[in-house]
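The structure displayed is predicted, hence computed values, not measured ones.
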Protein chains: 2
Amino acid sequence: MDVVNIFLTSELGESLEHFVHDHRRFTFDRLGPEGPRRLVEGPMWAFIDWVLPDLAGLEMCRRLRADPRTADAHVTMVLEEDDPEDRRRALRAGADDYVVGPLTRTAVLDRVLALQSRASERSATRRFELGALTIDMAALQARWDGEPIVLRPNEFRLLRFFAENPNRVLTRDDLINGLGKREPPIDERTVDVWIGRLRRSIKAAGGGNPLRTVRSLGYVFDLG
Amino acid sequence: MDVVNIFLTSELGESLEHFVHDHRRFTFDRLGPEGPRRLVEGPMWAFIDWVLPDLAGLEMCRRLRADPRTADAHVTMVLEEDDPEDRRRALRAGADDYVVGPLTRTAVLDRVLALQSRASERSATRRFELGALTIDMAALQARWDGEPIVLRPNEFRLLRFFAENPNRVLTRDDLINGLGKREPPIDERTVDVWIGRLRRSIKAAGGGNPLRTVRSLGYVFDLG
DNA sequence: CAGTGATGTGACGCGATTGTGACGGGATTG
DNA sequence: CAATCCCGTCACAATCGCGTCACATCACTG
């Protein structure tokens with residue numbers, strides 16, 4: 001069972017500590033302007049109030065996204081009132097979600113539990129974050145350190161397949177099948193050309209080379 | 001004249017199609033567990049039954065709120081009975097409103113028409129700021145770096161729809177549905193012409209090209 | 001350090017996809 | 001009711017994507 005880490009900008013955490021009975025499943029931390037005070041493993045759920053004493057909530061949200069430690073936290077903005085424009089701003093600042101406040105203990109837990117089931121589905125369909133590389137499945141756009149990478153459709157599919165199987169040697173056959181190309185049969189050497197083109201495109205965007213050749217086997221997407 | 005989009009979780013839509021005379025003002029769609037089947041422009045009104053065959057109504061409501069495409073829909077929960085606890089739960093899940101069912105055709109239309117005046121205030125002041133691009137919904141005016149962009153009606157709607165769904169691949173079909181053009185059926189290639197005209201108009205105002213072609217899929221409005 | 005097999009890559013060409021000027025009918029305007 | 005505008009369609013042009021080939025380069029072996 002995974003740990004669920006909940007970050008809050010308000011004092012609600014202390015009250016939640018007592019509210020929740022199964023302490024092993026949850027941790028709570030107060031979120032300050034410097035980000036989280038301690039590192040945690042497992043999924044992170046941040047609830048950020050729209051207005052904060054020392055910092056705009058939106059800015060806090062952007063900082064979380066920019067910090068590699070918290071970049072893949074699930075961020076919920078807590079709006080003061082139900083303004084469509086605020087909602088959009090929240091999402092645009094990188095929030096995954098929002099609620100209309102004030103935040104209650106049950107609201108936090110309901111939300112976390114409700115979204116938890118969707119989390120796997122979301123990460124599969126929405127967005128990869130792999131080191132400097134980001135892949136946005138909705139926009140079909142990859143970035144290296146925020147810099148857009150111009151990719152042809154096949155290159156994008158290839159990169160995505162690598163991103164789905166990091167740190168794992170993929171044979172040329174794996175790659176051909178992984179991209180769903182059976183008809184007409186593809187020459188295995190063609191994969192080398194795919195790799196070359198993908199590498200070149202990433203480099204053109206100022207990126208490094210995350211694709212390592214494993215002689216006489218295939219290629220690996222190196223991560224960490 | 002804005003389109004009014006009504007989403008229902010029941011089959012009532014089909015019956016409403018025949019009930020309403022002014023077809024140009026309304027669209028109806030059945031709301032499934034995956035959210036709306038097509039993207040639309042203009043205000044969205046969702047009516048969600050409290051109990052659904054495959055999904056709790058509350059969960060459906062949360063999903064609508066979490067999905068940027070539908071985040072600012074007006075959501076009405078259709079309760080089975082008038083339980084104060086249910087009402088509270090509905091609102092907490094992000095519903096704007098509730099009625100006690102069962103839902104009738106007139107109830108839907110009355111509700112939409114009654115609430116529309118309130119909604120129009122909100123949307124009248126709406127204003128997008130997307131990078132260099134500004135869209136003023138009240139003045140029906142778009143600008144690039146402050147420079148007015150001369151747009152034909154269809155181009156404006158197209159741009160608006162893109163602005164409502166930035167960083168997201170929109171298929172030609174999404175765009176046709178999104179602009180509410182179903183009758184008579186529009187040739188998908190026509191969308192390419194729309195795009196070309198919109199690009200040209202933006203360029204004529206000294207703007208760049210925020211519309212990226214995604215080969216064999218559609219187009220994206222790139223932001224950031 | 002020569003030999004051998006594997007990988008990197010520029011070039012080519014076909015087929016598919018997209019861009020766009022032209023046209024005409026219908027709506028809109030004055 | 002004439003002039004203008006808007007927009008959907010078509011046809012052709014321009015561009016793009018990608019699989020393959022051929023040759024260059026590289027890595028490992030003995």
Side-chain angles (χ1 to χ4, degrees), chain A residues 140 142 149-162 169-204 208-222, chain B residues 1 3 22-24 41 140 142 149-162 169-204 208-222:
Chain A
L140 293 183
I149 306 175
V150 180
L151 294 173
R152 260 134 243 155
N154 203 51
E155 293 170 20
F156 190 88
R157 266 179 261 141
L158 184 62
L159 180 58
R160 175 199 175 164
F161 189 66
F162 271 115
V169 179
L170 299 173
T171 65
R172 294 179 175 73
D173 202 52
D174 289 338
L175 293 167
I176 290 169
N177 286 321
L179 301 213
K181 309 220 186 193
R182 296 279 197 99
E183 300 300 329
I186 294 283
D187 187 324
E188 293 214 335
R189 286 307 317 283
T190 298
V191 174
D192 298 348
V193 181
W194 293 352
I195 299 283
R197 287 172 179 165
L198 177 53
R199 281 176 175 153
R200 190 198 324 201
S201 296
I202 295 176
K203 195 193 240 165
N209 176 19
L211 269 27
R212 178 163 51 89
T213 305
V214 180
R215 202 179 163 77
S216 72
L217 274 183
Y219 300 88
V220 199
F221 182 97
D222 277 326
Chain B
M1 177 213 50
V3 186
D22 186 354
H23 275 267
R24 289 177 312 165
E41 76 162 339
L140 295 181
I149 306 175
V150 182
L151 293 173
R152 268 155 248 151
N154 202 50
E155 293 169 20
F156 188 84
R157 308 173 66 183
L158 184 63
L159 179 58
R160 169 192 173 167
F161 189 66
F162 270 114
V169 177
L170 300 174
T171 64
R172 295 179 174 76
D173 201 52
D174 288 337
L175 293 167
I176 291 169
N177 285 321
L179 301 210
K181 311 216 184 193
R182 294 223 273 182
E183 299 300 328
I186 294 282
D187 186 323
E188 294 214 333
R189 285 306 316 281
T190 298
V191 173
D192 297 348
V193 181
W194 294 350
I195 298 283
R197 288 172 178 164
L198 177 54
R199 280 177 174 153
R200 191 195 322 199
S201 296
I202 295 176
K203 195 193 236 166
N209 177 19
L211 269 25
R212 170 166 55 96
T213 305
V214 179
R215 192 156 239 260
S216 74
L217 275 183
Y219 299 89
V220 195
F221 183 96
D222 273 326

Could you grab the distance from atom CD1 of B/Ile195 to atom CG of B/Leu211, nearest 0.5 Å is fine? 5.0 Å
Closest approach of A/Ser201 and A/Ile149, non-hydrogen atoms and distance? O-CG2, 3.6 Å
Working to the nearest 0.5 Å, report the span between CZ of B/Arg157 and CG of B/Leu151. 13.0 Å
Between A/Ile176 and A/Ile186, what is the shortest heavy-atom contact and its length? CD1-O, 3.8 Å
Does A/Asp192 have any side chain to side chain donor-acceptor pair (under 3.5 Å) partners at least two apart in sequence or in another chain, and if so, which? A/Arg172, A/Arg189, A/Tyr219
Identify, with sequence neighbours excluded, every residue that meets side chain to side chain donor-acceptor pair (under 3.5 Å) alongside A/Arg212. A/Asp222
B/Asn154 or A/Arg152, whichever maps to the more 5' nucleotide of DNA chain D: B/Asn154
To the nearest 10°, let me know how far the axis at one end of the helix from C/dC1-D/dG30 to C/dG30-D/dC1 is tilted from the axis at the other, five pairs an end. 50°
Please work out which residues in residues 186-194 of chain B have a non-hydrogen atom less than 4.0 Å from an atom of DNA chain C and list them by number. B/Arg189, B/Asp192, B/Val193
I'd like to check B/Lys203 versus B/Asn209 (side-chain heavy atoms, cut-off strictly below 4.5 Å). Are they in contact? no
Partner set under side chain to side chain donor-acceptor pair (under 3.5 Å) for B/Asp187, not counting sequence neighbours: none
State which residues pass side chain to side chain donor-acceptor pair (under 3.5 Å) with A/Thr190; sequence neighbours excluded, sorted by chain then number. none
Is the backbone of A/Pro153 close enough, under 3.5 Å, to the side chain of B/Arg215 for a donor and an acceptor to pair up by distance? no
A/Gly208 and A/Pro210 have their tightest heavy-atom pair at O-CD, 3.4 Å
Identify, between A/Arg200 and B/Ile195, the residue whose nearest nucleotide on DNA chain C lies closer to the 5' end. A/Arg200
A/Leu217: partners by side-chain contact (heavy atoms from CB on, under 4.5 Å), with sequence neighbours left out: A/Val169, A/Val214
Reading DNA chain D 5' to 3', which nucleotide is the first, and which the last, to come under 4.0 Å of any heavy atom in chain B? D/dC6 to D/dG17
How would you list, by chain and number, every residue that makes a salt bridge (charged side-chain N to carboxylate O under 4.0 Å, His left out) with A/Arg152, sequence neighbours excluded? A/Glu155
Range on DNA chain C touched by chain A - first to last nucleotide, heavy-atom distance under 4.0 Å: C/dG5 to C/dA11
In residues 212-221 of chain A, which ones come under 4.0 Å of DNA chain D, going by heavy atoms? A/Arg215
Are A/Val191 and A/Trp194 packed together at the side-chain level, in the sense that at least one heavy-atom pair is separated by less than 4.5 angstrom? yes
